[in-house]
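Taking it in order: structure first as structure tokens, then the write-up.
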Amino acid sequence: MARHLITSAIPYINGIKHLGNLVGSQLPADLYARYLRGRGHEVLFLCATDEHGTPAELAAAKAGKPVREYCAEMHAVQADIARGFRLSFDHFGRSSSPQNHRLTQHFAGRLADADLIREVTERQMYSPADGRFLPDRYIEGTCPNCGFDSARGDQCDNCTKQLDPVDLINPHSTISGSTDLEMRETKHLYLRQSAMKDQLEAWIDSKTDWPVLTTSIARKWLNDGDGLQDRGITRDLDWGIPVRKGDADWPGMEGKVFYVWFDAPIEYIACAQEWVEAGKGDDWERWWRTDKGADDVSYTQFMGKDNVPFHTLGFPATIIGSGEPWKLVDFIKSFNYLNYDGGQFSTSRGRGVFMDQALDILPADYWRWWLLSHAPESSDAEFTWENFQASVNKDLADVLGNFVSRVTKFARSRFGEAVPDGGAYGPQEETLIADLTKRIATYQAHMDAMEVRKSAQELRAIWVAGNEYLQTAAPWAAFKSDPDRAAAIVRLSLNLIRVYAILSAPFIPDTADTMLNAFGSAPDRRWPRGTPDDFTVLQPGDAFSVPENLFAKIEDSQRADWQERFAGTRI
RNA sequence: GGGCCUGUAGCUCAACGGUUAGAGCAGAGCGCUCAUAACGCUUUGGUUGGGGGUUCAAAUCCCUCCGGGCCUACCA
């Protein structure tokens, strides 16, 4: 039994996330957490909402609410949807928590003491009409390079040229439309990542088993241009964690807050404190402090590729730079993007399926299965309704659902609602058990390696083996000539359902519960040990019931309807 | 512009220098009748994006061209 700390990239607060966000971090993290718990390991699985920054302030303003109130509401909404998808966080925290305030300020103080913070005076666009400094991309104007009239201040979407806001012709605020913009001086804190470049690079180099996607992005940032750049960690905003040096004021930084990308990863740690505060645990330091028991913790982070630089460089720089014995990540599992039907998901255009909508039309397990079995591991992947319908109908309804249905209904009709006695497992059963034992070992190896698609593929093959066995053993024929033989076949088949439920639970937890509940309220839920005993847990006389069909097929008419509904509006 | 990833059967993907490039779906044929017209077996289908090179041996390594994607540090 090992101890596993698992975190999912924390979703931003300003709205409901789409399926691409889900499959890139929270869902595979949940798969891994459920699997490890199933195998008897001790797991702490944490996630939170990322609540600071300009977009949160603007979203709150648009909703006509104080930002504090808006975030509290959106956190509740996201927590509710997470529950709907059966994301089994031990705690779903908030980056705006008091714990994170204290800890973020603490880290800043430590970094300052270590001479890893420098103050930089710079000039930024200020909009008097909006009453705020504007991040580059909140300024638009005509591109001096190609003449595109909606070029953003950081880059022109038309000709892809990188820009500076002052380059724009007729610049205006995208918030208010105001053209009254001025350059103002402001002072900010920079994290001296460049001073830690060699340390960070050596650390990345030591991670030879990480996905290429993870290490290549990290190396790019380490070596691109002049190498790893120092990074601003403060902003001129109202909503955020006030800049303080530990418990002390930070002269000259009054009214400023830390940048979200500084405080968001720290929330991983603060979240464990929230977990204790919420009465769900009693010792967070044994998960996070290597001097207090976290030495043997295996820490895995899940995230989309856009998050990789902050997790491979920024956050480690914070942790290492603190000089304190915090736990560093052991493995970073990163994902590419999921596209929607030939294009990108688009919040603004309402294009694609968002988490709340997904749960409105189908139960979580349908989505979990498709998303995980098509996880964008090696390249960007694409959601299409045709593929979704085909996969769900075939894999879930036909292969697994129908297997459970045919076994339980046959058993009931011939032997009644209890595991039948009589006969014994013979060569066919031994062959199947040997095959499954091997396949389960393969499945576990893929899950251990977080090879999500391969795990799904092997799990499906395990389901298929049940159907193959039934076809070969043909209990319906045996029943006529040798009822004891049929009884043995049915006994094994019912045991298969129990084993399948346990193996499948990380992917489709609700369905797994339904399958297990067919055998009463307290069936043995222990993970298979890899011996033939795994298939004799259900004994003659044990009661079972026939569950409702596990999965309904998606009809062509439904598919067409949804296709239409989620296509979004063209601009 | 630069960097990284990617291109394999109609579709979604494996194969990571070593038999004859494999699976699932879709298509075709056969079988079964327990089951959600479900399941099983067999089978069609590929000059591995094009071209060149290295090697006894290349989907795999190198060069080049073409296509797709991502990142490029003030959105998060």
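Sequence lines set the chain letters: A, B, ... in the order given, protein chains first and strands last, and positions in each chain run from 1. On a predicted model such as this, the values are computed, not experimentally measured, just so you know.
Base engagement by Asp136(A) is indicated by at least one non-hydrogen atom pair under 4.0 Å involving a base atom. Residue contacts shown for Gly227(A) include a base, since a base heavy atom lies under 4.0 Å away. Among the heavy atoms of the strands lying under 4.0 Å from Gly401(A) is at least one base atom, whether or not backbone atoms are also near. Within 4.0 Å (heavy atoms only), Glu57(A) reaches no atom of the nucleic acid at all. Here Pro55(A) lies in heavy-atom contact (under 4.0 Å) with sugar-phosphate atoms only.
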Please list each protein N or O that sits under 3.5 Å from an N or O in nucleotides 25-34 of chain B, with the distance.
from, atom 1, to, atom 2, distance (Å)
G31(B), N2, Gln471(A), NE2, 3.2
C32(B), O2', Trp476(A), NE1, 3.4
C34(B), O2', Arg406(A), O, 3.2
C34(B), O2, Arg406(A), NE, 2.9
C34(B), N3, Arg406(A), NE, 3.3
C34(B), N3, Arg406(A), NH2, 2.5
C34(B), N4, Arg406(A), NH2, 3.1

Restricting to nitrogen or oxygen on both sides, can you table the protein-nucleotides 44-46 of chain B pairs closer than 3.5 Å?
none

List every contact pair, protein side and nucleotides 2-12 of chain B side both N or O, where the distance is under 3.5 Å.
from, atom 1, to, atom 2, distance (Å)
G2(B), N2, Lys220(A), NZ, 3.1
C4(B), O2', Ser216(A), OG, 3.2

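Ring geometry, Trp385(A) versus Tyr340(A): the interplanar angle exceeds 60°, so the pair is classed perpendicular (tilted spans 30 to 60°). Ring planes of Phe551(A) and Tyr366(A): perpendicular class, angle over 60° (limits at 30 and 60°). Relative orientation of the His374(A) and Trp370(A) rings is parallel, given thresholds of 30° and 60° on the angle between their planes. Classified by interplanar angle (parallel below 30°, tilted 30° to 60°, perpendicular above 60°), the ring pair His75(A)/Phe92(A) is parallel. The aromatic rings of Trp367(A) and Phe388(A) sit parallel to each other, their planes meeting at less than 30°, with 60° as the upper class boundary.
Of the listed residues (Trp239(A), Phe258(A), Phe262(A)), just one forms a ring-ring contact (aromatic ring centres under 6.0 Å, His included) with His52(A), and that residue is Trp239(A). The residue from Tyr259(A), Phe315(A), Trp261(A) that alone fulfils the ring-ring contact (aromatic ring centres under 6.0 Å, His included) condition with Phe310(A) is Trp261(A). Asp236(A) pairs in a side-chain hydrogen bond (donor to acceptor under 3.5 Å, both in side chains) with only one of the listed residues (Lys187(A), His188(A), Arg132(A), Arg184(A)), which is His188(A).
Taking the side chain of Lys305(A) as heavy atoms from C-beta on, and the options U72(B), A76(B), G69(B), the nearest nucleotide is G69(B). Here the nucleotide nearest the side chain of Asp380(A), chosen from A73(B), C70(B), G40(B), is C70(B). For Asn402(A), taking side-chain heavy atoms from C-beta onward, the closest of the listed nucleotides C39(B), C74(B), C75(B) is C39(B). Closest to the side chain of Glu468(A), from the set C41(B), A15(B), U36(B), is C41(B).
Rounded to a whole Å, the CD atom of Gln78(A) is 13 Å from the C1' atom of A76(B). Going from atom CD of Glu458(A) over to atom C1' of A14(B) covers 12 Å, rounded to whole Å. What separates CZ of Phe310(A) from P of A76(B) is a distance of 9 Å, to the nearest Å. Ile10(A) places its CD1 atom 13 Å from the P atom of A76(B), with the value rounded to the nearest Å. For the pair His446(A) NE2 and A23(B) P, the computed distance is 15 Å after rounding to whole Å. At whole-Å resolution of the value, OH in Tyr337(A) and P in G69(B) are 14 Å apart. The nearest whole Å value for the distance from the CD atom in Glu555(A) to the P atom in A37(B) is 11 Å. Note: CD (Glu51(A)) to C1' (A76(B)) measures 14 Å, nearest angstrom.
For residues 378-407 of chain A, the salt bridge (Lys or Arg N to Asp or Glu O under 4.0 Å) pairs, not counting sequence neighbours, are Lys305(A)-Asp380(A), Asp395(A)-Arg460(A), Asp398(A)-Lys553(A).
Counting heavy atoms from C-beta on, the side chains of Phe335(A) and Pro28(A) come closer than 4.5 Å.
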Annotated structure of RNA chain B as dot-bracket, pair cut-off 3.5 Å, Watson-Crick or G-U only, | for inter-strand, is (((((((..((((....[...)))).(((((.......))))).....(((((..]....))))))))))))....
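Nucleotides C66(B) and A21(B) place their C1' atoms 24 Å apart, quoted to the nearest Å.
Applying the side chain to side chain contact (heavy atoms under 4.5 Å, CB included) criterion to Arg123(A), with sequence neighbours excluded, gives Met183(A), Glu185(A).
Judged purely by atom type and a 3.5 angstrom limit, Asn495(A) uses its side chain to pair as donor or acceptor with the backbone of Arg491(A). Side-chain atoms of Thr234(A) come within 3.5 Å of backbone atoms of Leu189(A) as a donor-acceptor pair (strictly under, hydrogens ignored).
Using a 3.5 Å distance cut-off with no hydrogens or angles, the side chains of Asn387(A) and Ser391(A) do pair a donor with an acceptor. With hydrogens and angles left out, the side-chain atoms of Arg485(A) and Gln428(A) include a donor and acceptor closer than 3.5 Å.
Counting atom types as modelled, Trp221(A) pairs no side-chain N or O with a base atom of A73(B) as donor and acceptor under 3.5 Å.
One finds a side-chain N or O of Tyr259(A) lying less than 4.0 angstrom from the OP1 or OP2 phosphate oxygen of A76(B).
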